[in-house]
Amino acid sequence: MIGLVDCDNFFVSCERVFDPSLEGKAVVVLSNNDGCVVARSNEAKAMGIAMGCPAFKLSSITSQYSQSNSEDLALITLSAQHRLYRDMSARVMTLLAEQVSHLQIYSIDEAFFVLPDSSKSEELLRQMQQLVWRLKRDIGVPVSIGVAPNRTLAKLASHIAKRERRTGGGNGVYLLDSPQQIATVLQTTAIDDVWGIGPRLAAKLRQRGIYTAAQFSQMPQRWVSLQCDTTLQRTYHELCGQEGHGLPTSNVSHSQSVTVSRTFGHLITEQSDVAQAVTTFAETVAEQLRTEHVVAGSITVWVTGDRHREDLPYYANSCQLRLDTPASDTPTIVQYALDALNHIYRRGYAYRRAGVIATNVTTTDSVQLNLFDHCDYARRRRLMQAVDGINHHYGRRVLGLAANYGDRPWTSTPAKLNSLATQAAGLYIYSGMVKKNEGSP
DNA sequence: TCTGGGGTCCTAGGACCC
DNA sequence: TCTGGGGTCCTAGGACCC
């Protein structure tokens, strides 16, 4: 059996741990730049606020809701603090790893694990309820757990657990194991609510008269093998209750790619400003590669204009460069990123977003060296170890590239920070350090 | 008239996920 | 005024190999 732990309204729940006054209130967390909604409390969901809703639409939704329900409802909006969420996620995952076997972290707020087949249903339920209770008590984060024969069904089970809890019943755990029970659940599951079936595939399936998960699971196997690609075939088999391929699906434990990208606070036009942003992103990419002990084989840089500004000419492009020798040291990654930017930057356009992606990622010890490359890798590695060590000890970005020093014209306006949570996570130490060193970069 | 058969690797783009 | 950021996997097609 496969279990899935899924944190409830994760970012909002993290904020509530540090500010209990948010409990019971309608709360949303906004993306970078306070652009759109990325997390909603149950109260906010009940108001009809959709995931991804742009921030500027929130006030009209709130006032509309207040009018039609004749009550004055205040919506609390918070700026995202991803460092805090990553820290809380790590705490959740660490506790889980102690409690279950074969934990596979699927996202910042979700993880699959394996349960022994032999356990009795009642015993299984009791254990899972205990787990829900411990996560709430020790970390403060509410979670829902779904248990089923495979991951696709475990996903459905966790949705049911969440729904039951939202409507007042249930204890955060749902066990989906008997064939009759599975058949009943599939009948009430719309085809686009199935994990792995998004808007495009759902539209295709509906064209063929398939509207529910049950209808899909009843299609003849021959039809499925002719009409569906391998991923959709896997989903089909799992809906039919067949065992998944077990965990984990891949034996590669490190990231396949590392991305850092941002939407700028406002439109920027100068190449030097775009270059500074790209330098910062590349620096972070390199740091992350090193913490995972991997190297990048290629670096991609992309830039885009603003899709929403019809009065300006739109331009978007990307460039991928292959490294002579895979690397993770900051100067090399930044150099390739800036070379790539040189290929795609065009004067006369306004830029809204940019990003740096490391791909062809391999482990440091499996690097193929270049015959004509005379770089002293040992020396470079020692340099980066020293830089990482200093930044780890004194705070992020105390020591960085001089090219990246000074004003950051591309950053967003200061976010509406929740100071309690900020202090608790020990953030922003580096800004104090940078000030102290002013004039002597 | 008639033009093989079996591969690998890479890239771009599309679909999905949170 | 105002629309995020970070991932995975699969497939088709091109370029190349013998």
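A, B, ... follow the sequence lines: proteins, then strands. Residue 1 opens every chain. Just so it is clear, the structure is predicted and the values come from calculations on it, not from any experiment.
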Just to be sure I understand the rule, does A:Q233 reach a base, reach only the sugar-phosphate, or reach nothing, if contact means heavy atoms closer than 4.0 Å? nothing

Taking the basic N atoms (NZ, or NE/NH1/NH2) and the acidic carboxylate oxygens, is any pair closer than 4.0 Å for A:D87 and A:R83? no

In terms of side-chain geometry, is the basic nitrogen of A:D192 or A:R206 positioned less than 4.0 Å from the acidic oxygen of its partner? yes

For DNA chain B, consecutive-pair runs of 3 or more (Watson-Crick or G-U wobble, both H-bond-type distances under 3.5 Å) give B:5-18 with C:5-18

Please list, chain by chain and in numerical order, all residues satisfying salt bridge (Lys or Arg N to Asp or Glu O under 4.0 Å) with A:R353, sequence neighbours excluded. none

Span of DNA chain B, from the first to the last nucleotide whose atoms fall under 4.0 Å of chain A heavy atoms: B:dT11 to B:dC18

Applying a 4.0 Å non-hydrogen cut-off, can you work out what A:F10 is touching in the nucleic acid: base, sugar-phosphate, or nothing? nothing

Flag if over 12 foreign heavy atoms under 6.0 Å of CD, A:E23: yes

Residues from residues 187-202 of chain A lying under 4.0 Å of DNA chain B - heavy atoms: A:V194, A:W195, A:G196, A:I197, A:G198, A:P199, A:R200, A:L201

Sugar-phosphate, base or nothing in reach of A:K155, heavy atoms under 4.0 Å: sugar-phosphate

So, A:S107 and A:E110: side-chain donor and acceptor under 3.5 Å apart, yes or no? yes

Residues which pass ring-ring contact (aromatic ring centres under 6.0 Å, His included) with A:F281, listed by chain and number, not counting sequence neighbours: A:W410

So what does A:R352 hit on the nucleic acid, given a heavy-atom distance under 4.0 Å: a base, only sugar-phosphate, or nothing? sugar-phosphate

Please name all residues satisfying ring-ring contact (aromatic ring centres under 6.0 Å, His included) with A:H308, sequence neighbours left out, ordered by chain then number. none

Please assess A:R40 against A:E15 for the test salt bridge (charged side-chain N to carboxylate O under 4.0 Å, His left out), listing each intermediate value before the final yes or no. CA-CA 11 Å; A:R40 308 157 292 159; A:E15 297 286 350; over 6 Å; no

Using ring-ring contact (aromatic ring centres under 6.0 Å, His included) as the criterion, list what pairs up with A:W302, not counting sequence neighbours. none

Which comes earlier along DNA chain C counting from the 5' end, the contact point of A:T231 or that of A:M51, where each point is its nearest nucleotide? A:M51

Would you kindly compare A:T259 and A:C36 by the position of their nearest DNA chain C nucleotide and give the one closer to the 5′ end? A:C36

Neighbours of DNA chain B within residues 298-326 of chain A, by heavy-atom distance under 4.0 Å: A:Q320, A:R322

Any side-chain heavy atom of A:L153 sitting closer than 4.5 Å to one from A:W195? no

Review item, side-chain donor-acceptor pairs of residues 44-62 of chain A, under 3.5 Å, at least two apart:
residue: A:K45; atom: NZ; partner: A:N9; partner atom: OD1; Å: 2.7
residue: A:S60; atom: OG; partner: A:K57; partner atom: O; Å: 3.0
residue: A:T62; atom: OG1; partner: A:L58; partner atom: O; Å: 2.7

Could you tabulate the donor-acceptor pairs under 3.5 Å formed by side-chain atoms of residues 24-31 of chain A, not counting sequence neighbours?
residue: A:K25; atom: NZ; partner: A:S21; partner atom: O; Å: 3.1
residue: A:S31; atom: OG; partner: A:G35; partner atom: N; Å: 3.3
residue: A:S31; atom: OG; partner: A:C36; partner atom: N; Å: 3.0
residue: A:S31; atom: OG; partner: A:C36; partner atom: O; Å: 3.4

How about A:Q129 and A:R134: does a side-chain donor come under 3.5 Å of a side-chain acceptor? no

Which residues, if any, of residues 53-66 of chain A bring a heavy atom under 4.0 Å of DNA chain C? A:P54, A:F56

Contacts of A:Y85 that satisfy ring-ring contact (aromatic ring centres under 6.0 Å, His included) - sequence neighbours left out: A:F11, A:H82

Are A:Y349 and A:Y314, when compared by the centres of their aromatic rings, separated by less than 6.0 Å? no

So A:W223 and A:F216, would you call those rings parallel, tilted or perpendicular, with 30° and 60° as cut-offs? perpendicular

P-based separation of B:dT3 from C:dC18 [nearest Å]: 25 Å

